[in-house]
Amino acid sequence: MNTNKYDVIIVGAGMSGGWATKEFCEQGFKTLLLERGPNVEHLKDYPTTNMQPWEFKHRGRLTAKDIEENPIASRCYAFREDAKHFFVKDKHHEYGQVKPFDWIRGYQVGGKSIMWARQVQRWSKYDFEGPARDGYAVEWPINYNDLNNWYTYVEKFVGVSGNKDGLDILPDGDFLKPWETNIVEEYFSKFMKKHYNDRHVIYGRCAHLTESKPIFLKQGRGLCMSRNICQRGCPFGGYFNANSTLIPWAMKTGNLDLKPNSVVHSVLYDESKQKATGVRVIDTKTKESQDYFAKVIFVTAATLNTNLILLNSKSNRFPNGLGNDNGLLGKHIAFHNYRGTISAQYEGFPSFTTKGTKPTSQYIPRFRNVYKQETDFLRGYAAGFRAKPARETIRDGFGDNLKNQLLNTRETGVWNVGSHMMGETIPKITNEVTLHPEKVDQWGIPQLNIDVDYDENDEKMLKDFFEEFTEMYSKAGFINIKTRDNHRNPGNDIHEMGGVRMGKDSKTSLLNRWNQLHNCKNVFVTDGACMTSTSTQNPSLTVMAISARAANYAIQELKNNNL
Amino acid sequence: MNRRIAIKHIGLLTGGFVIFPYACNVEPQIIYSNLPTIKGVQQNTIGYICNIILPEDVINFPTLESRQEFVLTMVNDCYTQSKLEKFIEGFERTSSQINDLKFDNLSLEEQISFIDRQSQSNDSSSFFLTTLKKYSLLHFESSENYMIDYLNFEFIPGRYLGSVSI
């Protein structure tokens, strides 16, 4: 396509933008997909995917230069020798931190969907009802019934491995078969079922293909081979990312114009028409500016960049950012509290081990304050649970003695177990992002200034996690129990949400039930920025369902000439 | 010219410390940008000490690079400036001690005993030798045959079995 006019412009070629792109392109709409980073083509641009561990120059470790130049990104668990090329380099993308915040970014086609952990859980009605019941945030304008079918729609396309657990706190989805559970996971699950009626240890639902279906063959994807090195990109298409699934699917329609290396400066607003007309884009290589126009714009640049773009979209009508009549744009940022971990050992199955690997472990849905408020903190936390045979390798001494010890490495019969908490944080007006008053990036766009922190609710929740899990572990016969506050900064969870929240009232929210800006109806926001609250679940499945739903609504509105 | 005499002359010219290991395996010099004073002969000395710490076994556990190259690469690339300085200081101290002891005339047991004692000292020699051991272990334990045969590594497992009898 050689034009600057489209039916729809989508900003950000990650998970949310990828879904909107697929929907529009499938239904015949000429779509411009803008991505500030470079292209990453499935298969072609996964440089490390087939490298063996011994082929890495530093055996997977980061160099001192990597860490020095990327003090923030290097705190991310996936920023290692095999996948660091998919992360933004800190020195090229500075931002302001009023308080410490680890902003982990992946600027390329596919975004962070290349390196994500693939954990997917539906929200339940209790999650949507939370703000209204507990009096924090604003009421969600949608509920589980509004998203139920869209969750199924997304699950069927991306492929989600899971078990039907029959829990109202974590609704079942359309699942492919699960991987095998190991003997200690099974033991702990049964133990919890016996001793607690509100706590469940279930299979960790994940976006991996464990069965072949016609839709996946049509996508060109094969089964997951459980290599568990997904952050490199997968040559089998065994896990879902936008690169293997959504982008090629949209490309096949002939309706997609993909422009990488295009950073969006702002959304253009026409005051006479009272609508947005397009976006201003800066070519990241030439720094030349170009405007593109469309009837509908989806801003899905990942939570904080979406906030930045809208804040920078100023006009006489919207001097404080597009749609920002109520002054709430950029406020009520929230994230997930991942500070608590617990580890222990179990000696109950000394004659057993495992073979192979699997890209998921177990999951413990939230059990605090689900049906009513019960504790001295609001909301609650989910947790992971993993169990792995322990190996002992003695490395004493030197010479042949040392070598012989290495050759006598053995599994001890003891199992290492552990959990990490995933706590809901309360969106507060004081947790906000603003445009930096002085600093701009290399393209002249104001840097983001981030002012986000934990609060007393998070500290109380952390304490409860330690107490409850120590009790559960102890009762289960786990020994050598150690709890740890890892003191990770907000943002290091990579689940930042909010700033452009959905709500029923335009005085207290930015988006309506269809993810349209209340005050500029042809602009939609469907990435994490739209989230009114965070609950405990990994957000990706919900933002994908929201994106698909909103895109189809926009499509109907376009067809009806309402946009 | 006798190879050992040639090495001695190179050592004197560079002002570096020189030892004459009886099992000397001279590798070509690599320039390590963060270890400018550790040149060819010094590099070989480090490689020699690494092989005393943990014998290299290129027949049964081959690797893409030599132990010497791997250890020096890791130090050069992964150590911060302060650690690099401590490593270099530790190397110079250890080299001096080795020269004084006429290290290559010692038996293997005596050489190991020296390394063991120095590893427990409170000076930079300990840091130097501990570094060599750390990265020698990493090199060995990440070798293909060790990972596959001893750690049950599978690159494409294709399955997960959760309850396998040992």
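Below, read A as the first sequence line, B as the second, and so on, with proteins coming before strands; counting in each chain starts at 1.
Between B:I112 and A:N401, every side-chain heavy-atom pair lies at or beyond the 4.5 Å cut-off. A 4.5 Å side-chain heavy-atom check between A:S226 and B:P157 finds at least one atom pair inside the cut-off. Here the side chains of A:L402 and B:F140 are not in contact, with every heavy-atom distance at 4.5 Å or above. Contact annotation: the side chain of B:L54 approaches that of A:L406 to within less than 4.5 Å [non-hydrogen atoms, C-beta and beyond].
Of the possible polar contacts, none joining the A:K403 side chain to the B:D57 backbone as a donor-acceptor pair under 3.5 Å is found. A donor-acceptor pair under 3.5 Å is formed between the side chain of A:E180 and the backbone N or O of B:G162.
Nearest heavy atom pair, residue A:D396 against residue B:K133, reads C-NZ, 3.9 Å. Pairing each heavy atom of B:F155 with each of A:I229, the nearest pair is CE1-CD1, 3.7 Å. Between A:P350 and B:I166, the closest heavy-atom pair is O-CD1, 3.6 Å. Annotation for A:Q52 and B:F153: closest pair OE1-CE2, 3.6 Å, computed over non-hydrogen atoms. Nearest heavy atoms, B:C78 versus A:H58: SG-CD2, 4.0 Å. Here the shortest heavy-atom pairing between B:Y160 and A:T357 reads CB-O, 3.3 Å.
Between A:R61 and B:D77, none of the side-chain N atoms (NZ, or NE/NH1/NH2) sits under 4.0 Å from a carboxylate O, so this pair counts as no salt bridge. Using a 4.0 Å cut-off between charged nitrogen and carboxylate oxygen, A:R395 and B:E141 count as a salt-bridge pair.
With a 4.5 Å cut-off on non-hydrogen atoms, B:I148 touches chain A through its side chain but not through its backbone. For B:I156, the parts lying near chain A are the backbone and the side chain together; criterion is any non-hydrogen pair under 4.5 Å. In this structure, chain B has no heavy atom under 4.5 Å from any part of A:F349. The part of B:F70 that comes within reach of chain A is its side chain, from C-beta onward, which places non-hydrogen atoms under 4.5 angstrom from that chain. For chain A, the nearby part of B:S143 is the backbone; its heavy atoms alone come within less than 4.5 Å. With a 4.5 Å cut-off on non-hydrogen atoms, A:R391 touches chain B through its side chain but not through its backbone. Both the backbone and the side chain of B:I53 come within less than 4.5 Å of a heavy atom in chain A.
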(message) Go through it in stages, so that I can follow the logic: the residues are B:S119 and A:F398, the test is side-chain contact (heavy atoms from CB on, under 4.5 Å), and I'd like the CA-CA distance, side-chain angles, deciding distance and then a yes or no.
(response) CA-CA 11 Å; B:S119 297; A:F398 305 91; 3.6 Å; yes
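Heavy atoms from other residues, nucleotides or ligands lying under 6.0 Å from CG of B:N122 number 12 at most. No more than 12 heavy atoms of other residues, nucleotides or ligands sit less than 6.0 Å from atom CD1 of B:I59. More than 12 heavy-atom neighbours from other residues, nucleotides or ligands sit within 6.0 angstrom of NZ on A:K89.
Most heavy-atom pairs under 4.5 Å with chain A, from the set B:Y135, B:Y79, B:Y150: that is B:Y150. Contacts with chain B were tallied for A:T354, A:T181, A:L62, A:T393; A:T354 has the most, counting heavy-atom pairs under 4.5 Å. Chain A forms the most heavy-atom pairs under 4.5 Å with one residue out of B:E144, B:E65, B:K83, and that residue is B:E144. For the options A:D400, A:I183, A:L407, A:T63, heavy-atom pairs under 4.5 Å to chain B are most numerous at A:L407. For the options B:D149, B:L151, B:N34, heavy-atom pairs under 4.5 Å to chain A are most numerous at B:L151. The candidate with the highest count of non-hydrogen atom pairs below 4.5 Å against chain B, out of A:G413, A:A64, A:G60, is A:A64. Most heavy-atom pairs under 4.5 Å with chain B: of the set A:E55, A:R59, A:E186, this distinction falls to A:R59.
For the atom pair A:I67 CD1 and B:T80 OG1, the distance stands at 9.0 Å (nearest 0.5 Å). Between the OG1 atom of A:T353 and the CG atom of B:L161 there is a distance of 10.0 Å, given to the nearest 0.5 Å. Distance check, rounded to the nearest 0.5 Å: NZ of A:K355 to CZ of B:R159 gives 6.5 Å.
Residues A:W54 and B:Y146 place their aromatic rings such that the two centres sit no closer than 6.0 Å.
By the ring-ring contact (aromatic ring centres under 6.0 Å, His included) test, A:Y363 pairs with no residue at all, sequence neighbours left out.
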